[in-house]
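Accompanying notes for the structure given below.
To find a chain, count down the sequence lines: A is the first, B the second, and so on, and within it residues start at 1. Any value given below was found using the heavy atoms of this structure, including those in side chains, with hydrogens, waters and symmetry copies removed.
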Protein chains: 2
Amino acid sequence: MSTRERLIESTRTLLWERGYVGTSPKSIQQLADAGQGSMYHHFSGKEKLARAAIDRTAEEMRAGVDAQLSGPGTALERISAYLRRERDILKGCPIGRLTQDPDVMAAPVLREPVEETFAWLRSRLAGVVTEGVEAGELSPAIDPAATASAIVAALQGGYVLARAADSAQPFDQAIEGTLALLGASAVR
Amino acid sequence: MSTRERLIESTRTLLWERGYVGTSPKSIQQLADAGQGSMYHHFSGKEKLARAAIDRTAEEMRAGVDAQLSGPGTALERISAYLRRERDILKGCPIGRLTQDPDVMAAPVLREPVEETFAWLRSRLAGVVTEGVEAGELSPAIDPAATASAIVAALQGGYVLARAADSAQPFDQAIEGTLALLGASAVR
DNA sequence: GTCTATATTTCGATAGAC
DNA sequence: GTCTATCGAAATATAGAC
């Protein structure tokens, strides 16, 4: 892997573990095994490097979610598969955690990919919910946009509960609880 | 207000806005209008001060939630009132945000009140859900603990979505979407 | 492209006078 | 209780040699 690549990958790891404020150029350089000068040769500073890292994480996430939601199965089956897929629960969502970082939210360059990722995710899920309603699988009484937001929130909030408890249990409960409510809304 | 009080209140504000890693002793002193020596006279360091601040925020939150959930109305009405109560949505949850702070989660002294607050909250809500089931208001098919976790997660995740979008809208959608699903589970 | 040297601030705290 | 002085380390770069 090139030095440039190692810098991006190391930044991705550290942003996930420690956030933007908690990640220093020095720690990035150490993890990437790159020198000071090397980092500033490839990127003009911490912010630009972080942007490259966030972009890559966002792209990966989008591709993964899209593959799962575009797969076979009914709308409910795909949503359920998405929510139940294996995750690094205690590490949380690498994009969602950036939302709590004041310096990320204050810098338009860093904020943009975060905002776009969640806008895309909510809209993508709303589409699947709509498919479920149109297929007569879900009640026409439900609001696709609100339901999609509720599903994404259950995930993001599940991570918060898991970290607070230092256990995956409340995350699983939140997911299963949400799916149970969604299932009760299904047209049988 | 005493200097000690101002230090605690300033720390509460900064922890909420910037998190633990992002809050420096200096910034606390400036906001509290207290000198270096003053702060270290009242608290042995940043960690102890943060603990005092977190404790107070946790107590306040518990008292507020408890008052709302112990109020009049059916279980569903009280849950709905709790979820819909006025909030500083874009600022997020002052306790939930600490969950993303690696230094808070790594220090048992700081982690403890966060963990306890969420454990209490989930259990308190599970109690209300159980009341709803026993009153014949909610379906006996639902799992109180899972449903409680789903409700708390919707709130915490709603904050994440709101911050990502820089808008309260996705928060409101997540809450209304969750309440709609819960309502569909009601025994009519 | 990478290295070392240097620079300025801030972090988080201690010491000791008042 | 509060103030000023001081401290060693780290954050976030820039400069310039190789």
Side-chain angles (χ1 to χ4, degrees), chain A residues 1-56 97-98 100-111, chain B residues 1-56 97-98 100-111:
Chain A
M1 219 194 310
S2 70
T3 298
R4 194 193 148 83
E5 276 301 301
R6 291 201 316 277
L7 283 165
I8 295 178
E9 290 303 315
S10 297
T11 304
R12 295 218 297 154
T13 299
L14 289 169
L15 282 183
W16 196 0
E17 286 175 0
R18 307 214 22 100
Y20 184 74
V21 173
T23 297
S24 68
K26 188 177 186 179
S27 65
I28 295 172
Q29 292 151 24
Q30 284 173 340
L31 187 59
D33 196 26
Q36 194 93 309
S38 213
M39 180 187 131
Y40 284 101
H41 168 74
H42 291 291
F43 299 92
S44 64
K46 179 181 167 177
E47 199 178 83
K48 282 289 166 49
L49 178 45
R51 170 65 191 244
I54 296 172
D55 276 346
R56 183 169 298 180
R97 77 114 52 233
L98 297 174
Q100 301 303 318
D101 224 306
D103 290 8
V104 169
M105 293 296 102
V109 199
L110 301 178
R111 184 202 174 68
Chain B
M1 220 193 313
S2 70
T3 298
R4 194 192 147 84
E5 275 302 300
R6 291 201 316 276
L7 283 165
I8 295 179
E9 289 303 314
S10 298
T11 304
R12 294 217 297 155
T13 299
L14 290 168
L15 283 183
W16 195 359
E17 285 174 1
R18 307 209 26 98
Y20 184 74
V21 174
T23 296
S24 69
K26 188 178 185 179
S27 65
I28 294 171
Q29 291 151 24
Q30 284 174 341
L31 188 58
D33 195 26
Q36 194 93 310
S38 212
M39 180 187 130
Y40 284 101
H41 168 73
H42 291 290
F43 299 93
S44 63
K46 179 181 169 180
E47 199 178 81
K48 282 289 166 49
L49 179 45
R51 171 64 192 244
I54 296 172
D55 276 346
R56 183 169 299 179
R97 77 111 55 231
L98 297 174
Q100 302 301 319
D101 223 305
D103 289 8
V104 169
M105 293 296 103
V109 199
L110 301 178
R111 183 202 174 69

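Contact annotation for B/G35: backbone-only contact, meaning every heavy-atom pair under 4.0 Å involves sugar-phosphate atoms and none involves a base. Residue B/T23 is classed as a sugar-phosphate contact, given heavy-atom separations below 4.0 Å to backbone atoms only.
Listed nucleotides: D/dT2, C/dT4, C/dT14. Nearest to the side chain of A/Q36: C/dT4.
Going from atom CG of A/D33 over to atom P of C/dT2 covers 11 Å, rounded to whole Å. Rounded to a whole Å, the NE2 atom of A/H41 is 15 Å from the C1' atom of D/dG16. To the nearest angstrom, C1' of C/dT2 lies 12 Å from CG of A/L7. In this structure, the NZ atom of B/K46 is 14 Å from the P atom of C/dT14, given to the nearest Å. Rounding to whole angstrom units, CE of residue A/M39 and P of D/dT14 are separated by 10 Å. C/dG1 atom C1' lies 14 Å from atom CD of A/Q29, rounded to whole Å. As rounded to whole Å, 16 Å separates atom P of D/dT12 from atom NZ of A/K48. A/F43 has its CZ atom 16 Å from the C1' atom of D/dT12, to the nearest Å.
At the phosphate of C/dC11, neither OP1 nor OP2 sits under 4.0 Å from any side-chain N or O atom of B/K26. Contact between the side-chain N/O atoms of B/T3 and the OP1/OP2 oxygens of D/dG1 is not found at any separation under 4.0 Å. At least one side-chain nitrogen or oxygen of A/H42 sits closer than 4.0 Å to the OP1 or OP2 atom of C/dT2. Between B/S24 and C/dT10, a side-chain N or O to OP1/OP2 separation shorter than 4.0 Å is absent.
Counting only heavy atoms from C-beta outward, the side chains of B/P25 and B/M39 approach each other to under 4.5 Å.
Residues A/R56 and A/E5 are paired through a salt bridge, judged by an N-O separation under 4.0 Å between the basic side chain and the carboxylate. The residues B/E9 and B/R4 are annotated as not salt-bridged, no charged nitrogen and carboxylate oxygen being separated by less than 4.0 angstrom.
The residue among A/Y40 and B/A34 whose nearest nucleotide of DNA chain D lies closer to the 5′ end is B/A34. Nearest-nucleotide positions on DNA chain C place A/R4 closer to the 5' end than the other of A/R4 and B/G45.
Both the sub-6.0 Å distance and the 45° axial angle are satisfied by B/K46 relative to the ring of B/Y20.
Remark: the A/S24 side chain and the A/S27 side chain contain an N/O donor-acceptor pair separated by less than 3.5 Å.
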